[in-house]
Amino acid sequence: MVRRHRTPASPLAQRDGVDAVRVRLPADPEGRWATVGDHLVDRFGAAVGAARVRAMAREGRFVTCDGRALTPGRPYEPGLYVFFHRDLPAEARVPFGIDVVHRDERLVVVDKPHFLATTPRGSHVAETLVARLRRDLGLPALRPAHRLDRLTAGLVLLVVRPEDRGAYQRLFAQRQVRKVYEAVAAHDPEVALPRTVRSRIEKERGVLAAREVPGAPNSETRVELAAHGGLGGYRLTPSTGRTHQLRVHMNALGLPLLHDPLYPAVRDEAPDDYQRPLQLLARTLEFTDPLTGARHGFTSGLRLAEWPGA
């Protein structure tokens, strides 16, 4: 029998709705690190600076499973768990509220506004959907079952109890959730619709835009024209969930989404323009609850501002 390693709980409470970082020290057969402090400087120095890592260690910011401050001169110990709270970046508040569509003892379904990241990452940490909801709803264990791009608005399913999360994540991984999006782009009567777009999409780490490449398709989207009048209003039904899939497929049809900063060309990074949100909305979410067998269907209360006839 293979005995699974049990990951320890963090001894640090959340800070502003954000969990502490947890790292496990890797094996070191080459003897690169004499002390734990040496490893922490190597691991995090490039991101925040070696001097800052050393200062955090002196301040007792790094702790072990029992909550005791880690002595940076402690001999290196592979497998040791270390916990700490990162320095929160200065973040401008995304000036939109989060509407709760559904809430019960297991699930919370919300309408995420444009420009709000789903989970803490990079320069978006406390000002994210998860962190804000944990604070506002008093649910510190709240976790998303899936992600929605920062620039996309609409429905996100979150799980209240950690022990339930895996069951709902599997629904998305196994494509047992029906998701329908609405989008606005140019209207081109020469583009024959409806149609199903299939292609192979790859996204390289550190590169902003995904791209279509030769090879077996790993993405599929049903594209329908739902309304038009100057612009086109489109209904998009993905069967897969590749990064930026809907944006890539619409761009491939010659119909890049309105106000998209990446497709067809990556624009220079600039502060978010809240008056020009990407015209993409996760409109509906349907699935059979894996724990109760109930059939769920949720509809966003948001609307795309540029939808034809809106």
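Just so you know, these numbers come straight off a predicted model, no measurement behind them. For reference, positions follow the sequence shown, starting with 1.
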Show the nearest heavy-atom pair for residues [X] and [Y], with the distance to one decimal.
X    : Y    : result
L88  : A126 : CD1-CB, 4.3 Å
S300 : G154 : OG-CA, 4.4 Å
P308 : A227 : CG-O, 4.1 Å
P194 : E224 : CB-CG, 3.7 Å
F96  : P113 : CB-CB, 3.6 Å
P11  : C65  : CB-O, 3.5 Å

Any donor and acceptor pair, going by atom type alone, linking the side chain of [X] with main-chain N or O of [Y] inside 3.5 Å?
X    : Y    : answer
E127 : A92  : no
K112 : R150 : yes
T240 : R242 : no
D289 : T292 : yes
D272 : Y274 : no
R52  : F44  : no
T118 : L148 : yes
R134 : D16  : no
Q279 : P277 : yes

Determine, for E306 against R276, whether the closest basic-nitrogen to carboxylate-oxygen distance falls under 4.0 angstrom. no
Report whether [X] and [Y] are members of the same hydrophobic cluster (ILVMFWY, side-chain heavy atoms less than 4.5 Å apart, transitive linking).
X    : Y    : answer
V180 : V109 : no
L246 : L302 : no
V184 : L253 : no
M56  : V36  : yes
I98  : V101 : no

Is the centre of the F287 ring less than 6.0 Å from the centre of the F172 ring? no
First locate atom [atom1] of [X], then atom [atom2] of [Y], and finally report the distance between them rounded to the nearest 0.5 Å.
X    : Y    : atom1 : atom2 : result
L40  : W33  : CG    : CH2   : 10.0 Å
L142 : L107 : CG    : CG    : 10.0 Å
R211 : I201 : CZ    : CD1   : 11.5 Å
T221 : R195 : OG1   : CZ    : 12.5 Å
R22  : F84  : CZ    : CZ    : 12.0 Å
H102 : L157 : NE2   : CG    : 9.0 Å

Assess whether atom [atom1] of [X] is packed by more than 12 heavy atoms of other residues, nucleotides or ligands within 6.0 Å.
X    : atom1 : value
E163 : CD    : yes
R235 : CZ    : no
R175 : CZ    : no

Any side-chain heavy-atom pair of [X] and [Y] under 4.5 Å:
X    : Y    : result
L25  : Y76  : yes
L281 : W307 : no
L80  : R24  : no
S239 : T196 : no
H244 : S219 : no
T119 : P144 : yes
L257 : Y263 : no
H39  : V82  : no

Mind running salt bridge (charged side-chain N to carboxylate O under 4.0 Å, His left out) on R61 and E59 for me, showing each step along the way? CA-CA 6 Å; R61 295 271 298 276; E59 296 164 5; 3.6 Å; yes
Show every donor-acceptor pair shorter than 3.5 Å between a side-chain atom in residues 186-193 and any protein atom, with sequence neighbours excluded, or say none if there are none.
unit_1, atom_1, unit_2, atom_2, d
D188, OD1, E190, N, 2.9

Not counting sequence neighbours, list each pair that qualifies as a salt bridge (Lys or Arg N to Asp or Glu O under 4.0 Å) and has a residue in residues 96-107. R106-D164
Worked verdict on V94 versus H124 for side-chain contact (heavy atoms from CB on, under 4.5 Å): CA-CA 10 Å; V94 175; H124 306 283; over 6 Å; no
Using a distance-only test with no angle check, is there a side-chain donor-acceptor pair under 3.5 angstrom linking E212 and S199? yes
Show your working on side-chain contact (heavy atoms from CB on, under 4.5 Å) between R132 and L116 and close with a plain yes or no. CA-CA 10 Å; R132 278 174 56 169; L116 187 66; 3.9 Å; yes
Quick one, Q176 with R170, criterion side-chain contact (heavy atoms from CB on, under 4.5 Å). Give me CA distance, side-chain angles, the key distance, then yes/no. CA-CA 8 Å; Q176 295 177 11; R170 283 190 291 274; over 6 Å; no
P238 and its side chain to side chain contact (heavy atoms under 4.5 Å, CB included) partner, picked from H249, Q245, R222: Q245
Can you tell me which residue among T71, L70, T64 is in a side chain to side chain contact (heavy atoms under 4.5 Å, CB included) with R68? T64
For V53 and V48, what are the C-alpha separation, side-chain angles and deciding distance, and is it a side-chain contact (heavy atoms from CB on, under 4.5 Å)? CA-CA 7 Å; V53 176; V48 301; 3.6 Å; yes
